[in-house]
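Notes follow the structure.
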Amino acid sequence: MPAVGRTYWLTEPCRMRREDSSVRIERPDGSPVRIPITDIRDLVAFDHVDVNTSALGLLSRNGVTLHVLDHYGNHAGHFAPSESMTSASVVRRQVELTADPDQRADVGRALVLATAENLRWALDTDLLDTALNTLRTALPDCKDSDSLMGQEGHYRRTGWAVLDTMLPAWLRLNGRTRRPPTNAGNAFISYLNALVYARVLTALRTTPLHPAIGFLHADTDRRRNTLALDVAEPFKPLFAERLLKRVAGQRALKTSDFETEVGRASLSKDGCKKVAALVREELATTVHHRSLKRKVSYDELIHLEALKIVRLCLEGRPYKPFRPWW
């Protein structure tokens with residue numbers, strides 16, 4: 001992980017311009033903000049951003065990624081630096097591993113099980129124990145992405161139903177819906193999942209890996225960076241379902257933080273600001289790492305997860321997905 005730089009969240013419409021070696025953010029109230037380019041690791045735009053080629057050139061030369069979320073919290077796309085740290089030898093090995101059905105299935109099973117156990121940890125309830133045991137029994141017979149994703153989907157639906165019992169009526173998912181999310185709870189989950197995906201994608205771009213060559217999602221989603229989707233999976237419960245449960249318990253969100261129409265919902269401007277502040281605080285949270293013997297932030301945990309895939313490619317070390325130990 002770079003020693004300097006952090007994520008900046010653009011939650012309001014703004015203009016982005018270059019000013020010497022800084023990025024100038026011009027906000028609607030007329031008060032500009034100047035950010036040294038060396039202080040930026042990546043930017044996440046929740047709303048309309050007017051950016052010119054001069055600013056994009058500055059971002060590119062300094063390895064800064066600009067992520068764009070659409071109105072409903074989906075990761076609409078990103079501007080990535082023209083040069084990356086991708087290594088031909090690592091990518092060749094990455095292709096070899098993902099082309100091996102047994103290797104892919106091993107990594108896929110590990111991802112699905114870790115994600116399921118992390119959801120059980122996030123919700124902190126024994127109501128998921130039966131479903132988790134059923135999943136553990138079924139996984140050894142899953143030999144491809146479709147069967148793995150099918151088992152994961154069945155477990156997730158059970159998990160979301162359990163989560164609904166912990167939420168007020170207006171925040172309940174009532175079944176997971178996307179593109180667009182149909183209610184406030186689904187809108188929250190979509191935004192948080194997109195932010196996790198963006199953070200993982202930024203982390204992967206600091207490694208020699210190619211983010212589009214994945215294991216679990218390789219055959220199920222050909223349009224996005226499937227390795228980023230893979231690595232994001234174990235972290236989604238930590239940020240999405242866990243934080244939805246927390247904000248519901250703390251009554252930190254209001255109905256006015258969402259814009260709802262018939263069959264669709266999204267965060268309002270105030271809602272975007274609250275979610276950005278919530279995620280910033282969560283990413284900065286630190287825990288003691290047992291192997292490194294020092295404190296690491298949740299943000300750094302994502303980068304360390306990307307390095308596990310590097311070690312799988314270069315050293316053949318089995319991949320053990322992230323699980324909370326605290």
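Reckoned from all heavy atoms, side chains included, excluding hydrogens, waters and symmetry mates.
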Atom pair [atom1] ([X]) and [atom2] ([Y]), whose distance is rounded to the nearest 0.5 Å:
X      : Y      : atom1 : atom2 : value
Leu163 : Thr125 : CG    : OG1   : 10.5 Å
Arg290 : Leu292 : CZ    : CG    : 11.5 Å
Leu171 : Arg251 : CG    : CZ    : 11.5 Å
Asn225 : Leu204 : CG    : CG    : 8.0 Å
Arg93  : Leu312 : CZ    : CG    : 7.5 Å
Glu282 : Leu238 : CD    : CG    : 6.5 Å

Geometric class of the Phe46/Tyr191 ring pair [parallel <30°, tilted 30-60°, perpendicular >60°]: parallel
Aromatic plane relationship, Trp325 with Phe322 - under 30° parallel, 30 to 60° tilted, over 60° perpendicular: perpendicular
Reference residue Leu227; test side-chain contact (heavy atoms from CB on, under 4.5 Å); the match among Leu209, Val200, Ile213: Leu209
Criterion side-chain contact (heavy atoms from CB on, under 4.5 Å) against Leu216, the qualifying member of Val107, Val112, Thr98: Val112
Are the side chain of [X] and the backbone of [Y] linked by a donor-acceptor contact shorter than 3.5 Å?
X      : Y      : value
Arg27  : Ser31  : yes
Arg109 : Cys142 : yes
Asn74  : Asp70  : no
Asp299 : Leu283 : no

Under a 4.0 Å threshold between the charged nitrogen and the carboxylate oxygen, would [Y] count as salt-bridged to [X]?
X      : Y      : answer
Glu19  : Arg17  : no
Lys308 : Glu305 : yes
Glu233 : Arg156 : yes

Can you confirm whether [X] sits close enough to [Y] that some side-chain heavy atom of one is under 4.5 Å from a side-chain heavy atom of the other?
X      : Y      : value
Pro101 : Asp144 : no
Leu278 : Phe188 : yes
Thr7   : Asp42  : yes
Leu119 : Tyr155 : yes
Leu148 : Phe215 : no

CA sep, side-chain torsions, deciding dist, call: Asp124, Arg242, salt bridge (charged side-chain N to carboxylate O under 4.0 Å, His left out): CA-CA 9 Å; Asp124 191 22; Arg242 177 167 165 264; over 6 Å; no
Glu241 vs Ile189, side chain to side chain contact (heavy atoms under 4.5 Å, CB included): CA-CA, chis, key distance, verdict: CA-CA 7 Å; Glu241 286 88 353; Ile189 293 288; 4.2 Å; yes
Under 3.5 Å side-chain donor-acceptor pair for Ser190 and Arg176: yes
Polar contact flag, side-chain donor to acceptor under 3.5 angstrom, His78-Arg205: yes
Check against side chain to side chain contact (heavy atoms under 4.5 Å, CB included), Glu259 and Lys269: CA-CA 9 Å; Glu259 298 175 354; Lys269 289 184 179 179; 5.5 Å; no
CG/Asp129: more than 12 non-hydrogen atoms of other groups inside 6.0 Å: yes
Greater than 12 external heavy atoms within 6.0 Å of His288's NE2: yes
Verdict with supporting geometry, Leu195 and His67, side chain to side chain contact (heavy atoms under 4.5 Å, CB included): CA-CA 9 Å; Leu195 292 175; His67 298 280; over 6 Å; no
Val49 and Val68: CA distance, side-chain angles, deciding distance, side chain to side chain contact (heavy atoms under 4.5 Å, CB included) verdict: CA-CA 9 Å; Val49 175; Val68 179; over 6 Å; no
